[in-house]
K.L.:
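Pasting a structure here, questions to come.
Atoms within a ligand are numbered from 1 in the order they appear, just like the ligands themselves.
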Amino acid sequence: MKRLLVLGAFAMQLMSTAEAQQKTNPEDIKEKMQWFADAKLGIFIHWGIYSVNGIDESWSFHNKKIAYPDYMQQLKGFTANNYNPQAWADLIKESGARYAVMTTKHHDGVALWDSKYSKLDVANSTPAKRDVLTPFYAALRRDSIKCGAYFSLIDWSHNDYPQFLKDSNRYDIKVHPEKWQRFLKFYEGQMEEVMTKFNPDLWWFDGDWEHSAEEWEAPKMRKMLTTHNPNTIINGRLQGYGDYETPEQNFPVSRPKYHWWELCMTINNNWGWQPQDTNWKTPFEIITIFVDAVANGGNLLLDIGPKADGTIPEEEVHMLKELGAWNQRNGEGIFNTIGGIPQGHFYGPTTMSKDSSTLYLFLPARTSGPVMVKGLSNKIESITVLGNGSQLTHKVVGKISWSPVPGLVYIDVPENVQDKYVTVLKVKLDKAVKLYRGQGGFLTND
Ligand code: FHN
């Protein structure tokens, strides 16, 4: 059921793409989007009372896997005893990520700050007895990491919110518009609290599928947030009033046409901490997915799910450190680059420097022989292996002197210069990349 709903949510996101592009003109936001386009990697954090029992965040009671009162019993176990926000921020920094998105409130309505609009927050209703967001955002800012706030529009706990369990709603908005008006006041008030307390660089809304743009008062919300901070970025889950798209778990196969997009993905199968879920992706898998997203012009928002005491599971720590070490060696081909050349020129992902005079080739598998680039009209000035600086030789094969069709470039990649995960070759060109995309005939355009 959860999966169906999530898939439904994803379909909604795709539907909202067209709208988003109508309502937010890319030309108007491209300056504020630049840091996001350069950032490539963000860390998503799902932390909430659901980590006490280690069950599905919010969905477990909504889908009736657990009774609502039992779900709320978890408030008593949320201690944050070993919570070290600076260590979290430092680990995120070490991963190479440039931004972090923290759940300020999930669909269960439990706020992670001290909210004046509700007692259902970790400061007033859990043994943690404090706002856990303020020190985290402060730590992120100390580490120069952009601060993102995940904010669920849905609040299945609030008595004035219509939806509750999967098969029972509290009321119908058309019959009780006054209740909806009360909820809007509440949700807009909480959003304003998050806005003024933390001034997020990025808002990551979720759950817009339950109501229309009109019902959420999406244009008004967007205006409130961008008036407060004109540079704040809004994800594409505000019924068409966002700035970028957010495919979830599902990896795009062809390059998305969105101006800016971000794949959000879990390291195992779940967003929050669930001890029985040991289906961890390997560092190799995460790195190849990351590289593919960047090569296709997107970002990766990689999720971690800390435990109720604030400990980050060791598998996730390991993953972030491995990713960070790989970024240390190879980040030049990732950060501040642009998406690569079209598929077909190289059997693997590619990125480019912004002036496109440097091409980065990613080798997703170890190779015992040369790799090949097709249709490259430029002269190659040098080829360097990132991480160790080895200079590689290449050979142009099959170039006919009188034909405009370029030959095939074969690059020797000795085994001892290859990365343990994904090797990156920096190919310095004589000028901006020029590709031959014809069919190999005798005429220039063939
Ligand atoms: O329902 C949520 C889910 O629990 C999780 O927070 C993900 C993260 O992108 N978003 C929702 C579904 O789209």
Side-chain angles (χ1 to χ4, degrees), residues 1-17 20 41-66 71 74 97 99-112 148-158 161 163-166 187 194 200 202-211 216 233-240 242-252 258 260-274 277 281 289 293 298-306 316:
M1 180 63 183
K2 176 184 171 188
R3 288 208 187 295
L4 279 179
L5 285 165
V6 170
L7 280 177
F10 179 64
M12 299 278 188
Q13 291 316 310
L14 289 182
M15 276 162 54
S16 74
T17 305
L41 180 64
I43 300 296
F44 211 175
I45 304 159
H46 275 70
W47 197 31
I49 62 166
Y50 39 83
S51 60
V52 172
N53 291 2
I55 53 178
D56 290 346
E57 66 290 345
S58 313
W59 292 95
S60 49
F61 74 80
H62 180 79
N63 287 337
K64 298 169 63 169
K65 284 191 193 164
I66 181 172
Y71 181 91
Q74 295 179 101
Y99 63 106
V101 179
M102 169 82 159
T103 43
T104 64
K105 177 174 108 153
H106 205 261
H107 314 330
D108 60 10
V110 182
L112 269 73
Y150 170 106
F151 185 94
S152 171
L153 304 175
I154 291 174
D155 188 329
W156 288 325
S157 280
H158 199 279
Y161 189 75
Q163 283 79 10
F164 178 35
L165 305 179
K166 63 176 180 180
Y187 119 100
V194 172
L202 185 153
W203 284 84
W204 216 100
F205 290 114
D206 203 5
D208 65 346
W209 65 86
E210 284 199 346
H211 294 278
W216 291 122
I233 292 176
I234 299 173
N235 79 333
R237 299 193 182 191
L238 192 57
Q239 288 290 19
D243 297 323
Y244 73 92
E245 292 306 316
T246 55
E248 177 170 322
Q249 302 282 27
N250 299 296
F251 195 83
Y258 323 138
W260 300 276
W261 67 275
E262 169 201 71
L263 170 72
C264 56
M265 196 183 69
T266 50
I267 297 181
N268 52 2
N269 288 345
N270 288 282
W271 299 100
W273 182 67
Q274 299 208 18
D277 180 359
K281 297 176 184 74
I289 292 168
N299 288 4
L300 175 67
L301 183 63
L302 185 65
D303 182 73
I304 58 171
E316 294 179 343

K.L.:
Relative to the heavy atoms of Cys264, which atoms of ligand 1 are at a distance of less than 4.0 Å?
P.N.:
9 (O)
K.L.:
Can you name the atoms of ligand 1, numbered from 1 with element, that are less than 4.0 Å from a heavy atom of Phe44?
P.N.:
8 (C), 9 (O)
K.L.:
May I ask you to check whether Phe44 and Trp271 place their ring centers less than 6.0 Å from one another?
P.N.:
yes
K.L.:
When you look at His107 and Ser152, which way does the side chain to side chain donor-acceptor pair (under 3.5 Å) test go after all the steps?
P.N.:
CA-CA 6 Å; His107 314 330; Ser152 171; 2.7 Å; yes
K.L.:
I'd like to check which ligand 1 atoms, numbered from 1 as shown, lie under 4.0 Å from a non-hydrogen atom of Trp204.
P.N.:
9 (O)
K.L.:
State the atoms of ligand 1, each with its element, that fall below the 4.0 Å cut-off from a heavy-atom position in Arg237.
P.N.:
9 (O), 10 (N), 13 (O)
K.L.:
Tell me the closest heavy-atom pair linking Lys281 and Thr266, and the distance in Å.
P.N.:
NZ-O, 2.5 Å
K.L.:
Using distance alone, decide if ligand 1 has a nitrogen or oxygen within less than 3.5 Å of any nitrogen or oxygen in Asp206.
P.N.:
yes
K.L.:
Flag the pair Ser60 / Tyr50 as yes when at least one side-chain heavy-atom distance between them is below 4.5 Å, and no otherwise.
P.N.:
no
K.L.:
Do Trp273 and Glu316 pair up side chain to side chain, a donor and an acceptor below 3.5 Å, judged on atom types alone?
P.N.:
no
K.L.:
Looking at His46, which atoms of ligand 1 are within less than 4.0 Å of one of its heavy atoms?
P.N.:
5 (C), 6 (O), 8 (C)
K.L.:
Is there a donor in the side chain of Tyr99 and an acceptor in the side chain of Asn299, or the other way round, less than 3.5 Å apart?
P.N.:
yes
K.L.:
Within the 4.0 Å heavy-atom shell around Tyr150, which atoms of ligand 1 are there?
P.N.:
6 (O)
K.L.:
Decide whether an N or O pair under 3.5 Å exists between Trp271 and ligand 1.
P.N.:
no
